[in-house]
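Residue numbering restarts at 1 for every chain, and letters A, B, ... go by the order of the sequence lines.
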Amino acid sequence: MTEPAIRISEVHKAYGSRRVLDGISLDLARGTKLGLIGPAASGKSVLCKLVCGLEQPDRGEIEVFGERIVGKREVDLGPLRRRIGMLFQNYALFDFLTVEQNVAFPLEQGAAGTLSAETIAERVAARLRAVGLAGSEAKLTAELSGGMKKRVGIARATVADAELVIYDEPSAGLDPVTTQKIYDLLSADQARTGATVLAISSDVAALAGFVDEIAFLYDHRVVYRGPAATIADAPNALVRQFVRGDLEGPLDQAGPGMASLDRSIK
Amino acid sequence: MISGIGAAALRIAQEVGGIVLLTGQVLRALVPRPGAGAWIDGRELWKNLYKMGNRSVPIVVLTAFFAGALMMLQAGPFVKKFGATGLAGWGAGYAVLREIGPILIALMFSGRVGANNTAELSTMTVTEQLDGLRALAIDPVRFLVVPRVIAMVAMLVALTVIGDLVALVGAAVVGKAMLEIDFSTMYYSIVDNLKPYDFLHGVYKSIAFGFAIAMSSCYFGVTVRGGAVGVGKAVNAAVVASAVSIMLLDFFLTYLSA
Ligand SMILES: Nc1ncnc2c1ncn2[C@@H]1O[C@H](COP(=O)(O)OP(=O)(O)OP(=O)(O)O)[C@@H](O)[C@H]1O
Ligand SMILES: [Mg+2]
């Protein structure tokens with residue numbers, strides 16, 4: 001058995017006095033799909049950025065494809081990052097480029113000129129068709145709706161057939177039908193490339209149909225991990241309450257995210 | 001009070017340190033390195049050269065013309081009084097080429113191009129576009145900052161040269177219209193009395209000013225925190241830092257060459 005695609009061990013991360021992750025450990029075998037759920041502000045997006053080396057942990061080890069990334073210099077992270085595709089929660093689209101140029105960007109920059117312009121144009125066009133954005137090629141990203149931006153982000157994250165793809169909220173801002181289409185597309189992509197997937201979503205039902213396993217991030221740690229298909233009946237009461245959206249249950253009312261939500265309702 | 005001054009001094013020291021670090025990164029990125037991707041992104045460079053240079057020409061021409069005209073207007077009564085029409089061109093030219101031209105145009109440039117650049121870069125930073133680049137294994141300093149620095153230095157030098165010429169024309173026009181100094185008198189007064197070094201001195205200054213404006217406007221752009229409010233603060237800080245560094249540099253460069 002080769003080493004896992006991602007190995008996170010005992011990682012701590014705080015911003016100032018705010019603890020976000022507190023000794024989190026997580027392994028992800030190659031070719032598998034893991035969903036990550038958890039309350040708002042529990043650190044899901046931060047975890048994605050840690051895996052990509054965009055943020056450095058305060059303590060702990062992170063290995064991606066067997067390579068330690070903690071403390072590495074930016075330049076040395078380059079080769080690894082080319083193997084990772086990342087969809088940002090807030091898209092992070094380049095507003096100085098058109099839709100088409102955004103999607104072409106990883107191909108133009110990454111493969112360092114090994115692809116011909118025709119090949120790039122072909123692959124970009126195919127990707128944009130797949131996410132339902134044919135016809136919007138020449139638009140600037142500022143002219144797009146939220147859902148369209150999300151789909152451009154997905155196209156950009158997947159166009160280079162990365163070995164590890166991280167989706168931070170791929171279905172946020174999409175209607176139910178488009179959500180299903182997108183998850184179908186992501187499934188088909190994964191089946192074709194055999195990539196490892198880490199996906200975050202608040203839409204647990206749709207996510208569960210896509211990933212193999214789901215991990216629950218709560219109180220700065222992964223408190224549960226189990227098969228996606230039966231997540232609503234998980235043996236962990238916290239997870240059951242979270243997935244079903246029950247108001248009564250063991251979820252700490254003063255816990256991360258929930259407390260502020262509670263206050264804002266009152 | 002004292003702790004307030006201490007905190008402000010600390011912040012300034014921190015920012016100066018940050019600018020120095022970024023300068024180091026920019027200089028390192030200027031050295032081509034095989035395997036690190038494109039040396040400089042051509043598209044970014046051309047776009048910025050065009051945006052920063054071409055579109056600044058009208059405002060530079062306007063200010064420079066009136067700056068030159070004003071010089072002459074101020075000097076007029078003395079020139080008349082002493083009948084020193086032969087020295088009018090030299091006086092105006094000396095001041096314009098060595099001092100007024102470079103500094104005035106640099107200040108204009110920092111207000112227009114520098115502020116714009118900080119707003120643009122900081123908006124990109126808060127919308128995670130720099131992280132987006134990093135995630136694609138692209139160094140934001142090499143990709144975004146370096147072309148901007150090159151474009152700003154090149155364009156400020158070019159605009160200063162243009163501005164110098166226009167200011168001299170402005171001075172000549174006022175000299176002719178109000179003081180009845182012939183164009184030829186003016187021309188020989190400038191050509192006979194001024195040395196190439198007077199002109200070059202201004203060009204050296206504009207290189208330094210351009211670099212200072214570029215570094216501070218990029219620094220505040222890439223280090224911004226906190227959404228739209230942060231963008232506003234960053235622009236503000238960049239304009240102040242540019243103005244202060246222009247004045248300081250001007251003093252030292254003039255002092256060194258004196
Ligand atoms: N750059 C940063 N500086 C300071 N605090 C940060 C930063 N990034 C994240 N945080 C804090 O870390 C915590 C976790 O943020 P994160 O974005 O990971 O949440 P999340 O689980 O993705 O939430 P959501 O489901 O709402 O997207 C939040 O409290 C946030 O304020
Ligand atoms: Mg998030």
Worksheet item: Side-chain donor-acceptor pair under 3.5 Å between B/Lys205 and B/Thr254, yes or no?
Response: yes
Response to the item:
Applying a strict 4.5 Å limit to non-hydrogen atoms, the region of B/Asp139 in contact with chain A is neither
Worksheet item: Only one of A/Leu21, A/Ile8, A/Val70 clears side-chain contact (heavy atoms from CB on, under 4.5 Å) with A/Leu50; which?
Response: A/Leu21
Worksheet, complete the sentence: From the list A/Ala92, A/Ala157, A/Gly85, the residue making the most non-hydrogen contacts under 4.5 Å with chain B is A/Ala92
Discussion item. Is it the case that the side chain of A/Lys33 and the backbone of A/Phe210 share a donor-acceptor pair, with hydrogens and angles ignored and the cut-off at 3.5 Å?
Written reply: yes
Worksheet item: Given a strict heavy-atom distance threshold of 4.5 Å, which part of A/Gln89 is in contact with chain B: side chain, backbone, both, or neither?
Response: neither
Worksheet item: Would A/Thr98 and A/Glu137 count as having a side-chain donor-acceptor pair, cut-off 3.5 Å?
Response: no
Practice prompt. Against chain B, label A/Leu54 side chain, backbone, both or neither, depending on which of its atoms sit under 4.5 Å from a heavy atom there.
Written response: both
Discussion item. Whether A/Asp161 and A/Arg192 form a salt bridge (side-chain N of Lys/Arg under 4.0 Å from carboxylate O of Asp/Glu) is what I want to check.
Written reply: yes
Worksheet item: What part of B/Glu120 is in contact with chain A, defined as an atom under 4.5 angstrom from a non-hydrogen atom: side chain, backbone, both or neither?
Response: neither
Worksheet entry | Interchain contact, A/Leu97 with chain B, by part (heavy-atom threshold 4.5 Å) | side chain
Worksheet item: Donor-acceptor pair, A/Glu100 side chain versus A/Ala138 backbone, under 3.5 Å?
Response: no
Worksheet item: For A/Leu93, is it the side chain, the backbone, both, or neither that has a heavy atom closer than 4.5 Å to a heavy atom of chain B?
Response: backbone
Worksheet item: Should the pair B/Glu128-A/Lys49 be classified as a salt bridge under the 4.0 Å nitrogen-to-oxygen rule?
Response: yes
Response to the item:
So, the part of A/Phe88 with a heavy atom under 4.5 Å from chain B: the answer is side chain
Fill in: chain A contact via B/Leu130 - side chain, backbone, both or neither, heavy atoms under 4.5 Å
neither
